[in-house]
Peer 1: 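Structure in structure tokens, see below.
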Protein chains: 2
Amino acid sequence: MNTRMADNVREALEQMIVTGEFADGERLDEIRLAERFHVSRTPLREAFQMLAASGLVELVPRRGAFVRHPAFHEMIEMFEVMAELEAVCGRLAARRIPPDVLEQVRATVIACEAAAHAGDSDGYYRENEHFHQLIYTASGNDFLAQESQRLHKRLQPFRRMQLRVRGRMIQSLTEHRQILTALETGDSETAEAVLRDHVAVQGGKFNDLMASYKQSNLRANPQLVAMRG
Amino acid sequence: MNTRMADNVREALEQMIVTGEFADGERLDEIRLAERFHVSRTPLREAFQMLAASGLVELVPRRGAFVRHPAFHEMIEMFEVMAELEAVCGRLAARRIPPDVLEQVRATVIACEAAAHAGDSDGYYRENEHFHQLIYTASGNDFLAQESQRLHKRLQPFRRMQLRVRGRMIQSLTEHRQILTALETGDSETAEAVLRDHVAVQGGKFNDLMASYKQSNLRANPQLVAMRG
DNA sequence: GTCAAACGTTTTGTATACAAGAATTCGATT
DNA sequence: AATCGAATTCTTGTATACAAAACGTTTGAC
């Protein structure tokens with residue numbers, strides 16, 4: 001629980017948006033939401049500002065705040081950028097990673113494998129998040145780590161759509177191993193290439209993601225997408 | 001002039017911050033600024049939110065809004081990310097650029113050279129901006145273009161510090177030519193490599209930038225940087 | 001002289017009031 | 001029946017009021 005109500009409201013709304021409680025283009029009613037959260041319009045509007053900054057809603061002057069789910073092609077674009085950012089993190093990390101962080105990566109890869117074999121999907125998810133977080137940090141560039149983390153978080157609701165298939169999970173573990181080895185041997189080219197492919201949406205992943213997207217509550221409204229020319 | 005006062009105030013404050021009118025860590029006084037801009041605290045606080053989202057100020061709960069100039073090493077990190085983003089844009093653009101955009105790049109490179117030879121530094125600056133903007137767009141990834149543009153804008157006040165030296169300008173023009181050729185021939189590796197080096201702060205550029213940074217009004221307060229552990 | 005506690009002042013965060021701009025309704029006209 | 005426009009209702013943007021938290025200062029104890 002935060003000291004500022006505006007922050008609490010932002011978190012609550014963020015959760016509601018990424019779990020698909022609002023349709024794309026839906027207007028966030030200030031008065032209704034203010035009543036629901038037992039706050040006035042002031043902190044609510046501050047929350048809107050923050051949500052707009054992270055791209056979850058669009059603020060249209062004199063019209064209101066509208067939730068904004070990415071179109072499929074926009075999501076693919078975001079994953080492409082994520083893949084490139086992680087590739088850069090990997091390349092830099094291979095050269096810069098300190099021994100203690102490398103040890104943490106090693107431990108996380110092992111924990112990830114253990115969770116996978118135990119069928120502990122929550123554990124797997126958590127360790128996988130940690131793995132990527134560590135790669136960001138290992139880049140030795142705090143700004144890069146921060147930006148990567150930001151996009152990672154934004155893609156979180158869509159990443160859940162991926163990796164459900166059993167075969168993908170095994171491939172993912174193999175790639176973790178490859179990345180670890182590349183970091184251990186300082187092989188920046190391999191770290192870069194494997195991380196890019198690890199994150200990129202391509203081949204079979206593309207079709208899986210598309211199928212999941214179509215079924216999800218986070219679809220964009222084609223009508224509205226057409227107007228964003 | 002914008003319809004919302006909050007937006008006007010944000011623009012004005014942004015300008016004041018990037019021109020160094022506030023010292024690092026200085027608190028933005030709501031009451032004083034409200035009087036100065038002839039608005040109430042409400043739109044002013046909305047402006048603070050937006051500035052915080054773009055990293056120009058830090059919002060500390062129950063304390064206020066404090067301007068945040070990057071430390072030198074933070075600035076270097078941002079340039080490193082910018083170089084990598086532009087490198088990615090270049091790689092993708094070499095494969096995806098449409099003929100009409102390629103033509104625009106060609107025209108911009110020529111205009112840039114003309115401005116340089118004419119000693120028209122404002123013209124040079126404008127055409128150079130346009131050149132980079134085109135590379136972002138040419139990537140064919142709107143999200144990447146948008147993120148690149150965002151960081152580009154954030155680095156604008158610091159980029160002015162670079163490129164003042166005459167030799168740098170000539171080198172820069174040569175690199176533009178190399179990038180154009182790479183795009184024309186679809187040589188993604190070269191486009192990527194040249195763009196990375198074009199933007200990266202390395203070699204002599206590092207020292208020039210450091211010297212300018214030290215003299216500028218956009219320095220971070222070392223006391224405060226130390227506390228950001 | 002140093003430290004700390006209590007008081008008063010300043011400043012932030014939130015609620016509320018109000019004006020101007022959008023949206024909607026409903027009737028008039030073609 | 002469809003369309004235009006005026007009147008009404010809603011909604012946003014901004015000002016202002018007020019409570020609670022942070023800050024500074026004075027006072028007092030050791």
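Side-chain atoms are counted along with the backbone in the values below, which use heavy atoms only and exclude waters and symmetry mates. All chains are named by letter (A, B, ...) in the order of the sequence lines, taking the proteins before the strands, and each is independently numbered beginning at 1.
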Peer 1: Indicate, with yes or no, if the rings of B:F22 and B:F66 have centres closer together than 6.0 Å.
Peer 2: no
Peer 1: Quick check: on DNA chain C, is the nucleotide nearest A:R62 upstream (toward 5') of the one nearest A:H38, or the reverse? Name the residue that is more 5'.
Peer 2: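 Taking each residue's closest nucleotide, the earlier one in sequence belongs to A:H38.
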Peer 1: Can you figure out which of C:dA15, C:dT14, C:dT11 approaches the side chain of B:D29 most closely?
Peer 2: C:dT11
Peer 1: Please tell me if A:T42 has a side-chain N or O lying less than 4.0 Å from either OP1 or OP2 of C:dT14.
Peer 2: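 No, no such contact exists.
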Peer 1: Applying a 4.0 Å non-hydrogen cut-off, can you work out what B:R63 is touching in the nucleic acid: base, sugar-phosphate, or nothing?
Peer 2: sugar-phosphate
Peer 1: Please state how far atom CZ in B:R4 lies from atom P in D:dT11, giving the value in whole angstrom units.
Peer 2: 18 Å
Peer 1: Rounding to an integer number of Å, can you tell me how far A:F37 CZ sits from C:dT14 C1'?
Peer 2: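 So the CZ-C1' distance, A:F37 to C:dT14, works out to 16 Å.
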Peer 1: Please report the closest heavy-atom contact between A:R219 and A:D24, naming both atoms and the distance.
Peer 2: O-CB, 3.5 Å
Peer 1: Between C:dT14, D:dT12, D:dT16, which one does the side chain of A:R45 approach most closely?
Peer 2: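 Taking heavy atoms from C-beta onward, the closest nucleotide is D:dT12.
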Peer 1: Taking OP1 and OP2 of D:dT14, is either one under 4.0 Å from a side-chain nitrogen or oxygen of B:S40?
Peer 2: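 No, because none of the side-chain N or O atoms of B:S40 sits under 4.0 Å from OP1 or OP2 of D:dT14.
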Peer 1: Could you tell me whether the side chain of A:L85 reaches within less than 4.5 Å of the side chain of A:H152, counting heavy atoms only?
Peer 2: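 A side-chain contact is absent here, since even the closest heavy-atom pair is not under 4.5 Å.
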Peer 1: Taking the nucleotide of DNA chain C with the nearest heavy atom to each, does A:R41 or B:G64 sit closer to the 5' end?
Peer 2: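 Upstream on the strand: B:G64.
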Peer 1: Side chains of A:E192 and A:V88: does their closest heavy-atom pair fall under 4.5 Å?
Peer 2: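 Contact flag for A:E192/A:V88 side chains = no.
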Peer 1: Under 4.0 angstrom, heavy atoms only, what part of the nucleic acid is A:R27 near: base, sugar-phosphate, or nothing?
Peer 2: sugar-phosphate
Peer 1: So A:E30, base contact, sugar-phosphate only, or nothing? Heavy-atom distance under 4.0 Å.
Peer 2: sugar-phosphate
